[in-house]
Amino acid sequence: MPELPEVETIVRGLRKTILGKRIKEVKFLCPGIVKQSSVSFICQTVGQKVKDIKRRGKNIVICLSQDNAILVHLGMSGHLLYLCPDRKVDKHDHIIFRFLGDVKELRYNDPRKFGKMRFVDLKTCPDLDKLGPEPMEISEKEFVDLMRKRKGRVKSVLLNQKVLAGIGNIYADEVLFEAGINPLKKIDQINTVKLRGLRKSIGKILAKAMRTGGSSIRTYTDLSRKMGRFQLSHKVYGREGKPCKRCGVKIKRIVINQRSSYFCPRCQKP
DNA sequence: AGTTCCCTGAGG
DNA sequence: CCTCAGGGAACT
């Protein structure tokens, strides 16, 4: 479900709601989202104060002390909701956090259970260390050098979290349209000028998506169930058969890595 | 670098 | 009934 802009929106929401609060209670309604044992997770988190909340790729990092944090990855269908405890518990509410002196609580809801949560030591955290650089922070030279080390289709490269962290299926398609690059194009067939343009497109699309609260296609909402608005600006994603907003030609859908890919056959020639 | 599978719900 | 869905780990 959530890519970089959606996760960033959630992180900003968490800063406004739980930053500085002390964890009073953690309830597990469904084990399995947390990979370690429920008991040890509770021992390590209850009583700790939320010192900071950050994002790394598509991960939410809830920092509890200098070196410890709760890592949350929302998978395809994970949500965090900040609501009153009297709200009826949903079938897919799996974990509930309560904070000292807080009238509301934080719930992790995830129908497909692809999401993961874990208590980690930030000094040696493979989940974060294996990720590539943040796409909004990489310099032009670093970006071109990074792409030059890769082969295969440009879309597969953009989706690979070890190369760049945070881009998923929606934003890969929107970025490639913005850059005028066909998703099937081999990365080593793209010249340097075009690669610089690709980096610029990544920055532009992700920045606008963050400004507008991310994309709500089916289920994504922020902490208070508010929808994003970037889906209104999608040029290609989910628009098979509809006219290209730039040239009018019908948007095509193909499958790459078992995922739908949308592009304009005229604006993004092979 | 490219498949297979994890899991549940929505929509045709 | 079938196919599809903002992800990614573990295989080949």
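Protein chains get the first letters and strands the later ones, always in sequence-line order, with residue 1 at the start of each.
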For a quick test of reading the model: is some side-chain N or O of T219(A) closer than 4.0 Å to OP1 or OP2 of dA5(C)?
no
Protein N or O to nucleotides 8-12 of chain C N or O, pairs below 3.5 Å:
{"from": "dG8(C)", "atom 1": "OP1", "to": "H73(A)", "atom 2": "NE2", "distance (Å)": "2.9"}
{"from": "dG8(C)", "atom 1": "OP2", "to": "K58(A)", "atom 2": "NZ", "distance (Å)": "3.0"}
{"from": "dA9(C)", "atom 1": "OP1", "to": "K130(A)", "atom 2": "NZ", "distance (Å)": "3.2"}

Expected string for nucleotides 1-11 of chain B under the B/S/- scheme (protein heavy atoms, under 4.0 Å, primed atoms plus P, OP1, OP2 as sugar-phosphate) is SS-B-BBBS--
Taking ring pair (Phe, Tyr, Trp, His ring centres under 6.0 Å) as the definition, give me every residue that meets it alongside F41(A), ordered by chain and number, with sequence neighbours left out.
F28(A)
Range-with-range stems of DNA chain C (Watson-Crick or G-U pairs under 3.5 Å, three or more in a row):
B:1-6 with C:7-12, B:8-12 with C:1-5
For residues 238-249 of chain A, dump all side-chain donor-acceptor pairs below 3.5 Å to protein atoms at least two apart in sequence or in another chain.
{"from": "R239(A)", "atom 1": "NH1", "to": "K235(A)", "atom 2": "O", "distance (Å)": "2.9"}
{"from": "R239(A)", "atom 1": "NH1", "to": "P243(A)", "atom 2": "O", "distance (Å)": "3.2"}
{"from": "R239(A)", "atom 1": "NH2", "to": "P243(A)", "atom 2": "O", "distance (Å)": "3.0"}
{"from": "K245(A)", "atom 1": "NZ", "to": "H234(A)", "atom 2": "O", "distance (Å)": "3.1"}

Within the 3.5 Å criterion, strictly below it, is a donor on R148(A) or T192(A) matched to an acceptor on the partner's side chain?
yes
Taking atom types as modelled and ignoring hydrogens, do the side chains of T9(A) and D222(A) form a donor-acceptor contact shorter than 3.5 angstrom?
no
In the structure I gave you, are the side-chain heavy atoms of L198(A) and V154(A) within less than 4.5 Å of one another anywhere?
yes
For residues 164-181 of chain A, the salt bridge (Lys or Arg N to Asp or Glu O under 4.0 Å) pairs (sequence neighbours left out) are K155(A)-D173(A), E178(A)-K204(A)
Would one find more than 12 heavy atoms of other residues, nucleotides or ligands at under 6.0 Å from atom NZ of K24(A)?
yes
Atom CZ of residue position R87(A) - does it have more than 12 heavy atoms of other residues, nucleotides or ligands inside 6.0 Å?
no
